Every structure is written in C-alpha cells, then in structure tokens.
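Reading through the structure tokens given below for one structure.
Just so you know, these numbers come straight off a predicted model, no measurement behind them.
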Amino acid sequence: MKKSLFLLLVTFIFLSCNREKVTLFDYPPYQTDKKALGVFLTATWSERSGDTGMPSFYAMVDSFGNRMIPMAAHAATVGDAFYSLAASQFYSMYNAEELPSLGVNAVGFPLAQIDDFQEEVIRQTTELAGSDLVPAQPSAVLACAKQIKGRTFQAKARVRIEKVVTNATLQLAIYITENQVLGYQEGIGASIFHQYVLRGAATAGPWGVLWKSGNFAVGETFEQEVTYQVTEDMDSNQLNVIAVLYRMEDGYPVEVLNCNKL
C-alpha cells in the first residue's frame with residue numbers, strides 16, 4: 001500500500017513538472033482614472049507632419065504620460081504605406097481639412113491650435129473639486145488584455161460602469177497600434193521609427209460594436225473579444241490594443257467616456 005502511494009506521488013510530481021505552462025488570457029485590473037484619446041492625423045508624404053507635427057505630438061504624449069492614449073492615424077488614402085481605413089474615419093470624425101491635424105476624444109483641432117488641444121486633454125481628464133483641479137472620476141473604466149498566437153493577435157476589452165449613465169447609446173471599439181515602425185518621413189528627410197501607428201480597428205465598423213441603448217447602472221459590465229491578423233510588415237511584439245468606449249448620436253461618436261491601452 002505504501003509502495004503504491006509512493007508511486008502515485010512520484011507520478012504526480014513528474015506530470016506536474018512536465019506539464020506545459022498555460023498562459024491565462026485574463027484581464028489585468030480595471031484602470032482607476034479618466035484618460036483622453038489623443039489622435040495625430042498625419043501622412044508620411046506631409047512635410048509639415050515630419051517637421052512640426054510629429055515632434056509636437058510626441059512631446060505632448062511624453063508630457064501627459066498615461067493621461068493620454070496616443071494614436072498616429074495615417075489618413076491619406078494615397079501614397080502612405082501606413083494608411084488604414086480606421087485612420088480615414090478619424091479624419092472624417094474630426095472634420096479635418098488638412099494634414100497634419102489633431103483630435104482629442106470627439107473634438108478636432110488644426111495643428112495650429114496645439115494649445116487648444118492640450119487644454120482639451122486637461123479638461124477631459126480633470127474636474128473641479130471646490131477651487132481645486134483634481135483627476136476626473138470616470139463614468140466607466142476599462143480593462144484590456146492581449147496575446148499573440150503565431151500571426152494572430154488576440155485582444156479583448158471589458159467595460160464597467162462607475163456612474164449612472166442615462167438615455168445613451170454606448171459602443172465599444174478596439175483598435176490596434178504599433179510602435180517602432182520604420183518608414184521614410186517627409187519633413188525629416190530620412191527613414192525613422194514611427195510611434196503609435198494606427199494599424200486598424202479590430203472591431204467591426206468604424207466605432208466598434210453596440211453595447212446597448214438606454215440606461216446603464218453602476219456595476220454593469222460588457223466585454224468584447226477580437227482577433228487581428230498580423231501581416232509580415234508588422235512586429236507583433238510592438239503591437240498594442242486600445243479600447244475606447246463611445247457615446248453615440250446619429251451613428252457618430254459625440255463623447256469618449258473613457259479609453260485604455262495595453
């Protein structure tokens with residue numbers, strides 16, 4: 001009997017030591033803050049994008065830290081290898097008239113209005129408590145997760161309502177961005193590493209999938225899982241997932257309740 005128990009124990013230890021490690025495709029904790037979605041509308045052939053736009057946007061990303069989720073949307077349909085349909089949809093949403101331009105949440109700005117763009121990021125991420133400006137309390141929080149299997153990038157996002165939201169239509173969008181993308185840039189006159197390049201929307205439709213229309217109670221959750229095919233010109237180790245919760249009117253975003261990135 002003792003011998004049998006010993007053999008069982010040895011077998012269990014052997015199997016445990018040789019069992020393939022399982023990656024739990026699970027969520028990290030929800031964020032606790034309100035973040036702004038900062039979009040740089042650009043093109044590789046635009047001299048002003050390289051000369052003024054990129055340095056300004058990268059500097060703003062650094063200055064705001066994790067308060068702003070950055071995207072570089074290459075919106076030109078011709079002549080830009082980093083073009084994506086999602087980028088052109090952002091161009092339309094922000095009513096942009098030229099490249100480069102900027103957008104924060106659902107508001108667009110010409111590049112000349114960099115100061116206004118920065119003020120809008122601050123407005124979207126802070127609120128007044130008496131006479132003090134403090135971090136804004138979000139009405140919804142998100143958690144993102146990702147994993148890569150071969151050339152397939154799997155991502156998912158979960159939303160939780162933190163404050164009552166009434167009479168609203170909410171949609172959840174998942175976007176894929178890439179860092180360290182090598183490409184020529186006019187205005188710099190050389191091949192450089194581009195950051196925050198919007199590769200596309202992983203959810204169907206330009207502004208994600210419908211959660212529901214109506215009222216949202218504190219604690220309600222919604223999640224969406226997507227797959228995205230990694231092409232040969234992408235580095236899967238440099239891909240990020242960005243989740244954005246939109247309030248919609250007449251088919252277009254009018255507010256970003258919150259966004260997050262992993």
Side-chain angles (χ1 to χ4, degrees), residues 31 33-43 46 48-49 52-76 84-128 133-142 159 163 165-175 177 195-198 201 203 205-208 211 242-261:
Q31 70 199 102
D33 58 345
K34 173 74 184 301
K35 300 181 187 295
L37 180 67
V39 180
F40 174 47
L41 297 163
T42 183
S46 167
R48 195 169 179 225
S49 290
T52 306
M54 292 178 68
S56 298
F57 186 69
Y58 290 174
M60 284 186 287
V61 173
D62 290 341
S63 69
F64 283 116
N66 62 9
R67 290 169 60 185
M68 186 172 77
I69 302 296
M71 284 186 187
H74 289 250
S84 69
L85 177 60
S88 65
Q89 291 163 337
F90 275 105
Y91 187 92
S92 298
M93 184 183 84
Y94 292 128
N95 295 313
E97 297 182 352
E98 62 180 1
L99 298 172
S101 294
L102 299 164
V104 54
N105 286 0
V107 184
F109 300 92
L111 187 64
Q113 295 178 358
I114 286 177
D115 290 345
D116 294 336
F117 174 90
Q118 292 176 302
E119 287 180 11
E120 182 67 11
V121 172
I122 294 170
R123 190 183 74 83
Q124 292 286 350
T125 58
T126 58
E127 60 188 13
L128 282 174
L133 204 60
V134 300
Q137 295 299 307
S139 56
V141 291
L142 300 94
V159 186
K163 296 179 182 178
V165 178
T166 59
N167 193 28
T169 297
L170 301 187
Q171 292 190 186
L172 175 63
I174 298 176
Y175 303 101
T177 64
Q195 309 300 331
Y196 324 117
V197 176
L198 174 59
T203 41
W207 314 121
W211 179 353
I242 293 176
V244 183
L245 183 63
Y246 292 112
R247 183 171 68 84
M248 309 290 293
E249 288 183 6
D250 299 323
Y252 273 87
V254 294
E255 182 182 3
V256 172
L257 272 69
N258 212 345
C259 54
N260 204 357
K261 182 184 79 168

message: Looking at V121, is its backbone amide N or carbonyl O close enough to the side chain of T125 to form a donor-acceptor pair, meaning the two atoms are under 3.5 Å apart?
response: yes
From CA spacing to verdict: side-chain contact (heavy atoms from CB on, under 4.5 Å), F90, F40: CA-CA 10 Å; F90 275 105; F40 174 47; over 6 Å; no
- prompt: So do L133 and I122 actually touch side chain to side chain, heavy atoms under 4.5 Å?
  reply: yes
message: Nearest 0.5 Å, please: how far is SG in C259 from CG in L142?
response: 8.0 Å
Pairwise distance CG(L198) to OG(S84) - rounded to 0.5 angstrom: 4.0 Å
task: Go through K35 and N260 one step at a time and tell me if the side-chain contact (heavy atoms from CB on, under 4.5 Å) criterion holds.
output: CA-CA 7 Å; K35 300 181 187 295; N260 204 357; 3.5 Å; yes
- request: Using a 4.5 Å cut-off on heavy atoms from C-beta on, say whether the side chain of H74 contacts that of V197.
  value: yes
- prompt: Can Y246 and V254 be said to form a side-chain contact (heavy atoms from CB on, under 4.5 Å), step by step?
  reply: CA-CA 7 Å; Y246 292 112; V254 294; over 6 Å; no
query: Do S101 side-chain atoms and E98 backbone N/O form a donor-acceptor pair below 3.5 Å?
result: yes
Side-chain donor-acceptor contacts of residues 103-119 below 3.5 Å, not counting sequence neighbours, with atom names and distances?
{"from": "N105", "atom 1": "OD1", "to": "L37", "atom 2": "N", "distance (Å)": "2.9"}
{"from": "N105", "atom 1": "ND2", "to": "Q124", "atom 2": "OE1", "distance (Å)": "3.0"}

message: Looking at every heavy atom in both A87 and A75, which two are closest together, and how far apart are they?
response: O-CB, 3.7 Å
message: Counting neighbours of CG on N167 that are heavy atoms of other residues, nucleotides or ligands and sit closer than 6.0 Å, is the number greater than 12?
response: no
Determine all donor-acceptor pairs shorter than 3.5 Å in which one atom belongs to a side chain in residues 53-60; sequence neighbours excluded.
{"from": "S56", "atom 1": "OG", "to": "T52", "atom 2": "O", "distance (Å)": "2.8"}
{"from": "Y58", "atom 1": "OH", "to": "Q195", "atom 2": "N", "distance (Å)": "2.9"}

- prompt: Would you call T203 and L172 a side-chain contact if the rule is heavy atoms closer than 4.5 Å?
  reply: no
- prompt: Are side-chain heavy atoms of L170 and L257 found at a separation under 4.5 Å?
  reply: yes
message: Could you tell me if the side chain of P253 sits less than 4.5 Å from the side chain of M93, heavy atoms only?
response: yes
message: Between Q171 (side chain only) and W207 (backbone N and O only), is there a donor and an acceptor less than 3.5 Å apart?
response: yes
query: Closest approach of P100 and R48, non-hydrogen atoms and distance?
result: CD-CB, 3.9 Å
task: Please round to the nearest 0.5 Å and tell me the distance separating atom OH of Y196 and atom CE of M68.
output: 8.0 Å
field: side-chain contact (heavy atoms from CB on, under 4.5 Å) between V134 and E127, worked out
entry: CA-CA 6 Å; V134 300; E127 60 188 13; 4.0 Å; yes
- request: To the nearest 0.5 Å, tell me how far I242 CD1 sits from T177 OG1.
  value: 4.0 Å
field: Reported NZ-to-CD distance for the pair K34 and Q137, which is rounded to 0.5 angstrom
entry: 11.0 Å
query: Can you check whether Y91 reaches L99 side chain to side chain, under 4.5 Å on heavy atoms?
result: yes
